[in-house]
Amino acid sequence: MKEKVKEKVKSAVIDAFGVEPPQFKVEKPKDENLGDLATNVAFLLAKNLRKNPADIAGELAQLLSRDPDFEKVSAVRGFVNFTFSRDFLLQELKDLLLRGQEYYREDVGKGKRVQLEFVSANPTGPLHLGHGRGAVVGDALARIMSFFGFDITREYYINDAGRQVYMLGVSIFYRYLQLLNKEKEYPDIEKLFEEEGYKGEYVVELAKELKEAVGDALLEDVRIAFEKLTEHPFPFSKNYLGKFDPTKGDKVELCSLFGLDAMIWEIKKDLEDMGIEFDVWFSERSLYEQGLVEKMIQTLSEKGLTYEKDGALWLKTSDFGDDKDRVLRKSDGSYTYFASDIAYHWNKFQRGFEKVIDLWGADHYGYIPRVKASLKMLGISEDWLEVYLIQIVKLFKGGEEVKMSKRAGNFVTLRELMEEVGSDAVRFVFLTKRSDTPLDFNVDLVKEKSSENPVFYVQYAHARISGVFREFRERFSKDPEKEDLIPYLKNLKEEAEFKLIKKVLMFKDELVDVAVKRDPHLITYALIDLAGTFHSYYNHHRVIGSEEGIMLGRLALLKAVRECLRVGLKLIGVSAPEKM
RNA sequence: GGGCCCGUAGCUCAGACGGAUAGAGCAGGGGAUUUCUAAUCCCCAGGUCGGAGGUUCGAGUCCUCCCGGGCCCGCCA
């Protein structure tokens, strides 16, 4: 709707003043009594035309009021306000009923190849709430951008290289030793575990699985343990275990690979149960295996952008906007996480993505300048990469914050929350705030199934409409889905009906906004607003029981509202129940 | 110490490339049920937009300083 008005304003400006208008806004006015939409174009033209905004607005309003799509166009203190005509609104509504959800679709993205990398949690433990938030936000963004014509690739970057993976192996091995009362025989392992190990209960579970598969063989001989692991029927595929070289690998490494397979399987399962899937699971190891990290360093070195200092290799990021230089290769010869990250993004670029969007945990804030700096060094423009941050989620239960500490292994997992409140509630609540601000998740409220709960408020609107359709079917023995209701639209006369129609039609503007601003939390607000308008209408106007023509007209309206709710809910991955 | 984010109604938050009388939900008070689901609706009350300056025709929005809360600042991942 905004676009339509914008076009009209544009040509009106050209007709009236013979100039191309500057970038102007078409927005909802502060007070809805002023109209459906408004533009500030007169303020922006005032300077060039040397006229005051009120006069410009007046002229434009006069010109535009001839347009039959508007019932009223008024100039108020420099703004031009538009009220759509009922004919126009009904015409649009008809279009919506004919095209269904396609009415909302528009090719904003023009097939632009966009990669969306999100979650990318380390495979060293289960997903926690912050990861879940990233997963929900990323999934919603992917759904919406795909809907609006972007060619989206969803990608999960697996940090399967480096010390953390080694520590996962150490932790599993240590817990395994404990199960066999042998931990005292491995003081080095014990010390490492105490200092840096993963202390969560899930590691004990992994160790139990390991022991079940290999018995005490891992104490004796790595080769035998490896054979037993290979033969054991685990639910997961042995992608990493398959890479183990029994002639070289040690016990900890075997544990690491086993842990990776198990953890990645768990993570995938958690995400799948939330309805979230990825197109690509990208392995950090593969960057090393394919020599991409080396090649990247070579490329940068040839450009003279690296130097050796204190036995380490540094990148001159400070010349490109970072506040200091960063290490690529440590003095012990191993690479930093930063090094593989550059290689990864370079690889994304080489794969031909025109735009890359990363969702990172908020604690990675400091990484943005250095990654952007390194991309610039590789000749990649700064706005090619967009990074959005996901802030932490705090859990509240019984009015108290549930304290979480990863170090102590004491945290609430995404799975636990999902099992407690359901995937719909998790998804919806994670989208009730901008992703870069901290979120408080009140478990009690979401479980209450009361009016305070916005998830139910919105879903209930859908269920109510379904109820009306059921009732109609029973009483009239006709399938409302198959009836041609469009001829009855003309019977819609009530003020409340047009208020609702406007909400349904303007919902598209909200969705486009989300795709452009990359801000999926706006959808939940639009849905709550739409549901509220519907509930209000429902409480004041009856559908079944009204005179037939009116009933069928209203049924058509509800069908449109239902379509709108379904689109909105689908795009955030929340179900639209028929009954509650 | 340096950098960034936040501070809006009792509570949780929307609103920010400057634009109209600053919004919603919850909590509080008052009302609606011969019903297509009351998991709903209607009405009322509630504000120095953290504070002080500045820019502007116009500031919750931009700039400076201050106060309060949080995050980041490794040859960690």
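Lettering of chains follows the sequences in order, A, B, ..., and the numbering in each one begins at 1. Quantities reported herein were computed from a predicted structural model and do not represent experimental measurements.
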Undergrad: Any chance CD of Glu194(A) has more than 12 other-residue heavy atoms, nucleotides or ligands included, within less than 6.0 Å?
TA: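 Result for CD/Glu194(A): enclosed.
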Undergrad: Any base atoms under 4.0 Å from Arg475(A), or only sugar-phosphate, or nothing? Heavy atoms, all strands.
TA: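 The answer is sugar-phosphate, as Arg475(A) gets under 4.0 Å only of primed atoms, P, OP1 or OP2.
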Undergrad: For the side chain of Thr336(A) and the backbone of Val327(A), is there at least one donor-acceptor N/O pair under 3.5 Å apart?
TA: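 A pair under 3.5 Å: yes.
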Undergrad: Is it the case that the ring center of Phe441(A) lies less than 6.0 angstrom away from the ring center of Phe430(A)?
TA: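 Yes; Phe441(A) has its ring centre under 6.0 Å from that of Phe430(A).
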Undergrad: Examine G74(B): is either OP1 or OP2 under 4.0 Å from a nitrogen or oxygen in the side chain of Lys330(A)? Give yes or no.
TA: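 No, outside the criterion.
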Undergrad: For C17(B) versus C5(B), give the span between their P atoms, rounded off to a whole number of Å.
TA: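 That atom pair is separated by 15 Å.
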Undergrad: Regarding Lys579(A), tell me which of base, sugar-phosphate or nothing describes its non-hydrogen contacts under 4.0 Å with the strands shown.
TA: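 Base, at least one base atom sits under 4.0 Å.
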Undergrad: Please determine whether a side-chain nitrogen or oxygen atom of Thr336(A) lies at a distance below 4.0 Å from atom OP1 or OP2 of A77(B).
TA: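 For Thr336(A), the contact criterion (side-chain N or O under 4.0 Å from OP1 or OP2 of A77(B)) is not met.
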Undergrad: Taking the C1' atom in each of U40(B) and U33(B), what is the distance between them to the nearest angstrom?
TA: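 Here U40(B) and U33(B) have their C1' atoms 10 Å from each other.
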Undergrad: How close do Pro520(A) and Leu141(A) get, counting heavy atoms only, and between which atoms?
TA: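 The answer is CD-CD1, 4.0 Å.
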Undergrad: Nearest whole Å is fine: how far is A77(B) C1' from His131(A) NE2?
TA: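 In whole Å, A77(B) C1' lies 12 Å from His131(A) NE2.
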Undergrad: Treat primed atoms plus P, OP1 and OP2 as sugar-phosphate and everything else as base, then score nucleotides 12-22 of chain B 5' to 3': B for base contact with protein heavy atoms under 4.0 Å, S for sugar-phosphate contact only, - for none.
TA: -SSS-B-BBS-
Undergrad: In whole Å, I'd like the distance from the CZ atom of Phe338(A) to the P atom of C75(B).
TA: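 From Phe338(A) CZ to C75(B) P: 12 Å.
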Undergrad: Which string of ( ) [ ] | and . matches RNA chain B, if you list each base 5' to 3' and count Watson-Crick or G-U pairs only when both distances are under 3.5 Å?
TA: (((((((..((((.....[...)))).(((((.......))))).....(((((..]....))))))))))))....
Undergrad: Side chains of Met551(A) and Phe476(A), heavy atoms from C-beta outward: is any pair under 4.5 Å?
TA: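 Side-chain contact under 4.5 Å: yes.
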Undergrad: Would Lys199(A) count as a cation-pi partner of Phe193(A), with NZ or CZ less than 6.0 Å from the six-membered ring centre and within 45° of the ring normal?
TA: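 Lys199(A) over Phe193(A) ring: yes.
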Undergrad: Between Tyr538(A) and C42(B), is there a side-chain N or O to OP1/OP2 distance below 4.0 Å?
TA: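 No, Tyr538(A) has no side-chain N/O under 4.0 Å of OP1/OP2 on C42(B).
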Undergrad: Select base, sugar-phosphate, or nothing to describe what His462(A) touches, counting heavy atoms under 4.0 Å on all strands.
TA: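 The residue His462(A) makes no contact with any strand.
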Undergrad: Using the P atom on both, measure U8(B) against U48(B) and round to a whole Å.
TA: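 12 Å, rounded to whole Å.
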Undergrad: Contact class for Gly162(A) vs. all strands (heavy atom < 4.0 Å): base, sugar-phosphate, or nothing?
TA: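 Nothing, no nucleic acid heavy atom in range.
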Undergrad: Heavy-atom count around Lys2(A) NZ within 6.0 Å, excluding the residue itself: above 12?
TA: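 Enclosed.
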Undergrad: When we call it a touch if two heavy atoms are under 4.0 Å apart, what does His364(A) touch: a base, just sugar-phosphate, or nothing?
TA: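 Base, at least one base heavy atom under 4.0 Å.
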Undergrad: Please classify the nucleic acid contact of Asp529(A) as base, sugar-phosphate, or nothing, using heavy-atom distances under 4.0 Å.
TA: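 Contact class for Asp529(A): none.
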Undergrad: Does Arg473(A) make a side-chain N or O approach to OP1 or OP2 of C36(B) shorter than 4.0 Å?
TA: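 No, outside the criterion.
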Undergrad: When the distance from CG of Asp322(A) to C1' of C73(B) is rounded to whole Å, what number comes out?
TA: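 Atom CG in Asp322(A) sits about 11 Å away from atom C1' in C73(B).
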Undergrad: Are the side chains of Thr39(A) and Val5(A) in touch, meaning some heavy atoms are under 4.5 Å apart?
TA: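 Result no, sub-4.5 Å side-chain heavy-atom pair not found.
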Undergrad: Say we look at G54(B) and G47(B): how far apart would their C1' atoms be, to the nearest angstrom?
TA: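 Comparing C1' positions in G54(B) and G47(B) gives a spacing of 24 Å.
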Undergrad: Without decimals, in angstroms, what is the distance between Arg370(A) CZ and G74(B) P?
TA: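 The answer, rounded to whole Å, is 8 Å.
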Undergrad: Just to be sure I understand the rule, does Ser536(A) reach a base, reach only the sugar-phosphate, or reach nothing, if contact means heavy atoms closer than 4.0 Å?
TA: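 Touches sugar-phosphate only.
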Undergrad: Report yes if some heavy atom in the side chain of Tyr157(A) is under 4.5 Å from a heavy atom in the side chain of Asn159(A); otherwise report no.
TA: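 A side-chain contact exists here, since the closest heavy-atom pair is under 4.5 Å.
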Undergrad: Considering only atom P, compute the distance from G31(B) to C11(B) and round it to an integer number of Å.
TA: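 G31(B) and C11(B) have their P atoms separated by 27 Å.
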Undergrad: Mapping Gly311(A) and Arg464(A) to their closest nucleotides on RNA chain B, which lands nearer the 5' end?
TA: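 Nearest nucleotide further toward 5': that of Arg464(A).
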Undergrad: Check the phosphate of C36(B) against Arg470(A), side-chain N and O only, distance under 4.0 Å to OP1 or OP2. Yes or no?
TA: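 Arg470(A) to C36(B) OP1/OP2: no side-chain N or O under 4.0 Å.
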Undergrad: Would you mind reading off the distance between Tyr388(A) atom OH and C4(B) atom C1', rounded to a whole angstrom?
TA: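 Computing the Tyr388(A):OH to C4(B):C1' distance gives 17 Å.
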Undergrad: Using the side-chain heavy atoms of His535(A), tell me which of these nucleotides is nearest: U40(B), C36(B), C75(B).
TA: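 From the listed options, U40(B) comes nearest.
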Undergrad: Tell me: CG of Asp332(A) to P of A77(B), nearest whole Å?
TA: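 Checked: the CG to P distance equals 9 Å.
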Undergrad: Between the side chains of Ser340(A) and Glu284(A), does any donor sit under 3.5 Å from an acceptor?
TA: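 Their side chains do contain a donor-acceptor pair, which is all the 3.5 Å distance test asks for.
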Undergrad: Output the rounded distance in Å from CE (Met580(A)) to C1' (A38(B)).
TA: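 For the pair Met580(A) CE and A38(B) C1', the rounded distance is 14 Å.
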Undergrad: Would Arg285(A) pass as a cation-pi partner of Tyr240(A), given that its NZ or CZ must be under 6.0 Å from the six-membered ring centre and within 45 degrees of the axis?
TA: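 No.
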Undergrad: Arg562(A) and Glu481(A): salt bridge (charged side-chain N to carboxylate O under 4.0 Å, His left out), yes or no, with the steps?
TA: CA-CA 12 Å; Arg562(A) 187 182 64 176; Glu481(A) 310 293 346; 2.8 Å; yes
Undergrad: Taking atom types as they are modelled, is there a donor-acceptor pair under 3.5 Å from the base of A77(B) to the side chain of Tyr367(A)?
TA: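 Flag set: donor-acceptor pair detected.
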Undergrad: Given atom CD1 of Ile465(A) and atom C1' of U40(B), what is their separation to the nearest angstrom?
TA: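 That distance rounds to 13 Å.
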Undergrad: Using the C1' atom on both, measure C44(B) against G60(B) and round to a whole Å.
TA: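 Those two atoms are separated by 26 Å.
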Undergrad: If we take the C1' atom in both A20(B) and G7(B), what is their distance in whole Å?
TA: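 Rounded to whole Å, the distance is 26 Å.
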Undergrad: If the C1' atom of A38(B) is compared with that of U61(B), how far apart are they to the nearest Å?
TA: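 The same atom, C1', in both gives a distance of 41 Å.
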Undergrad: Between Phe469(A) and Asn539(A), name the one whose nearest nucleotide on RNA chain B is closer to the 5' end.
TA: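 Nearest-nucleotide comparison on RNA chain B picks Phe469(A).
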